[in-house]
Amino acid sequence: MITRKKKTKTVVLPDGLLLKMRLLPWIRTEKGCVWLASLAIGRSKRQINDWMDRRKKKSVAKLDRSLNGTFGPKTQAIAIRQIRQWVDELPKGESIALRCESTVPDKQFRVWKKWFAKHEDIMWEISEEHKSFFFYKSIL
């Protein structure tokens with residue numbers, strides 16, 4: 001069985017906020033793996049890590065109000081650049097899922113949807129129902 005390690009990248013933004021992006025092996029299949037890409041912006045590493053691992057802690061519900069949701073075009077460009085790099089590194093037959101999990105997922109989905117429609121390859125599938133974007137790296 002092939003093992004996969006998560007990948008993370010943290011960028012310090014000019015205003016002192018941190019942008020953390022991660023790629024986790026989410027679902028393993030016979031032919032490869034589905035990776036889950038996620039990102040968060042916050043004031044500290046602890047705050048971001050609590051947000052990303054919020055399913056494990058009940059006290060993180062307070063972060064919905066305090067996590068900085070500032071997500072301008074510059075941070076979006078940084079994030080998509082990193083996701084493109086991860087797509088290039090993917091072995092053939094694997095895929096990436098990018099889910100909108102911010103404090104306001106509907107707004108984040110609308111922004112990302114416009115971005116993907118205008119700037120990205122048509123290979124990305126957009127799921128309105130799951131507020132997600134999927135990319136499958138073809139074997140051919």
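All values below were derived from every heavy atom in this structure, side-chain atoms included, with hydrogens, water molecules and symmetry-related copies excluded. Numbers for residues simply follow the sequence, beginning at 1.
Applying the salt bridge (Lys or Arg N to Asp or Glu O under 4.0 Å) definition to pairs two or more places apart or across chains, those involving residues 105-114 are Asp106-Lys131, Lys113-Glu128. Screening residues 74-110 for ring-ring contact (aromatic ring centres under 6.0 Å, His included) gives Phe109-Phe133 as the qualifying pairs, with residues at least two apart or on separate chains.
Ser95 is linked by a side-chain hydrogen bond (donor to acceptor under 3.5 Å, both in side chains) to nothing, counting only residues two or more places apart in sequence or in another chain. Remark: Ile78 pairs with Val11, Leu13, Leu19, Met21, Lys74, Arg81 by the side-chain contact (heavy atoms from CB on, under 4.5 Å) rule, at least two apart or across chains. Residues meeting the salt bridge (charged side-chain N to carboxylate O under 4.0 Å, His left out) test with Lys7, sequence neighbours left out: Glu89. With sequence neighbours left out, Thr8 forms a side-chain hydrogen bond (donor to acceptor under 3.5 Å, both in side chains) with no residue at all.
Annotation: side chain of Phe116 is in contact with side chain of Ile80 (closest heavy-atom distance under 4.5 Å). Residues Leu24 and Trp35 have side chains not in contact (no heavy-atom distance under 4.5 Å, counting atoms from C-beta outward). Counting heavy atoms from C-beta outward, Arg43 and Leu17 have side chains that approach closer than 4.5 Å. The shortest distance between side-chain heavy atoms of Ile41 and Leu18 does not fall below 4.5 Å. In this structure, Trp112 and Leu98 have side chains that are in contact, with non-hydrogen atoms separated by less than 4.5 Å.
Under 3.5 Å, the side chains of Ser38 and Arg22 contain a donor-acceptor pair of N or O atoms.
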